[in-house]
Number of protein chains: 2
Amino acid sequence: MRLSNLADYAVVTMSAAARHCGGGRTSAAELAAETGLPVPTVQKVVSKLSAAGLLRSVRGAGGGLQLARPAAAITLADIVEAVEGPIALTACIDGDECAVDHTCSVKPHWPAVNAALRGALAGIPLTQLSKAAPREPNPSGISA
Amino acid sequence: MRLSNLADYAVVTMSAAARHCGGGRTSAAELAAETGLPVPTVQKVVSKLSAAGLLRSVRGAGGGLQLARPAAAITLADIVEAVEGPIALTACIDGDECAVDHTCSVKPHWPAVNAALRGALAGIPLTQLSKAAPREPNPSGISA
DNA sequence: GTTAAATCAGACCATTTCGTTCCGATTTTC
DNA sequence: GAAAATCGGAACGAAATGGTCTGATTTAAC
């Protein structure tokens, strides 16, 4: 129920990269300096993000990386899926069967839950995360 | 982004226990036989569910356990919270600070995401999971 | 009152996954 | 042509989880 640290770091890294979108290329070392994360960790995150197509990497000296898509077109769901794989609470949905072949009555209900969860994450674009102050003027419905 | 196996087993166990609600007491061994899970695993799950107040255990010979609340009043969120702890995607919300003291711009946005996730799980009561056939007449929007 | 059985509860150990780190391949600039 | 800087992948170590076992407690029966 808690996403991995890598996914968290990926969100932070993408948020930092979004600010450099206008400036052009950025390096992993620079992102590490801005976010305060270890450089190797940022490299690993960048690798996954690049493989997923969210980040475009340019090799060579003076190279760097930049967002492959506009910040508004990248959501939390995209970042999480890039690092964590498909958004599924259980492994039985992801093609892998349960260890026991019991007639799992709850198995058919997971897709709906997964879809609801993914929808919640897909509703937060990257542009929203770049803002310093969040937009939660109506916290009444939020009990967090 | 994927809940632990214990939480999955807890959901299955609670679903099985819900069917025995009318029959009165049930034992962990019986639930294990019905679900196909190992007996010790069910015992561990039952322990956590009892500690959370979702399941009432009766010690001694002829004892057993039964739902502490009506099945309709128990949701997926309750079961997940009983096993996994508070529903929070990041540890920074749960009182623990991030490893780095960077000005995390995404931190203020997690509560809204957590609330949305919890709401999705709270909308699935235990009675719904007991049904053999799920209610997913419109799988078009689900890409799982 | 005593014995016996059945239950849950907690603690221990092995396994897997995740996180971190390091080294190599590739590419551009001077 | 050489050098420098970058990303990409692989290996190691650590932490958390999953599974298992043994023990304490309680009830029922004799």
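As the structure is a prediction and not an experimental result, all values here were calculated from the model.
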Original post:
Of the nucleotides D:dT17, C:dC8, D:dG8, which one has an atom closest to the side chain of A:S57?
Top reply: D:dG8
Subject >> Selection from C:dA9, C:dG19, D:dT20 that lies nearest to any side-chain heavy atom of A:L6 >> reply: C:dG19
Subject >> Sequence neighbours excluded, every pair satisfying salt bridge (charged side-chain N to carboxylate O under 4.0 Å, His left out) that has a member inside residues 47-68 of chain B >> reply: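 Listed once each, the pairs would be none.
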Original post:
Does B:L55 reach the side chain of B:M14, with side-chain heavy atoms less than 4.5 Å apart?
Top reply: yes
Output a table of donor-acceptor pairs, distance under 3.5 Å, between side-chain atoms of residues 77-86 of chain A and any protein atom two or more places apart or on a different chain; print 'none' if there are none.
{"residue": "A:D78", "atom": "OD2", "partner": "A:T75", "partner atom": "N", "Å": "3.1"}
{"residue": "A:D78", "atom": "OD2", "partner": "A:T75", "partner atom": "OG1", "Å": "3.2"}
{"residue": "A:E81", "atom": "OE1", "partner": "A:R118", "partner atom": "NH2", "Å": "3.1"}
{"residue": "A:E81", "atom": "OE2", "partner": "A:R118", "partner atom": "NE", "Å": "2.7"}
{"residue": "A:E81", "atom": "OE2", "partner": "A:R118", "partner atom": "NH2", "Å": "3.3"}
{"residue": "A:E84", "atom": "OE1", "partner": "B:M1", "partner atom": "N", "Å": "3.3"}
{"residue": "A:E84", "atom": "OE2", "partner": "A:S4", "partner atom": "N", "Å": "3.0"}
{"residue": "A:E84", "atom": "OE2", "partner": "A:S4", "partner atom": "OG", "Å": "2.2"}

**OP:** Could you pull out all residues at least two apart from A:V39 that satisfy side-chain contact (heavy atoms from CB on, under 4.5 Å)?
**Re:** A:A32, A:Q43
Subject >> Base versus backbone protein contacts along nucleotides 23-30 of chain D [heavy-atom cut-off under 4.0 Å; B, S, -] >> reply: -BSBB---
With 3.5 Å as the limit, what N/O pairs link the protein to nucleotides 13-15 of chain D?
none

**OP:** Could you list the residues that satisfy side-chain hydrogen bond (donor to acceptor under 3.5 Å, both in side chains) with A:S15, not counting sequence neighbours?
**Re:**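 Partners of A:S15 under the side-chain hydrogen bond (donor to acceptor under 3.5 Å, both in side chains) test: B:S105.
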Subject >> Between P of D:dA16 and CG of B:L3, the distance in whole Å >> reply: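 Result: 19 Å.
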Subject >> Degree of bending, the helix from C:dG1-D:dC30 to C:dC30-D:dG1 (end axes from five pairs; round to 10°) >> reply: 10°
Subject >> Stretch residues 41-48 of chain B: residues that reach within less than 4.0 Å of DNA chain D through a heavy atom >> reply: B:T41, B:K44
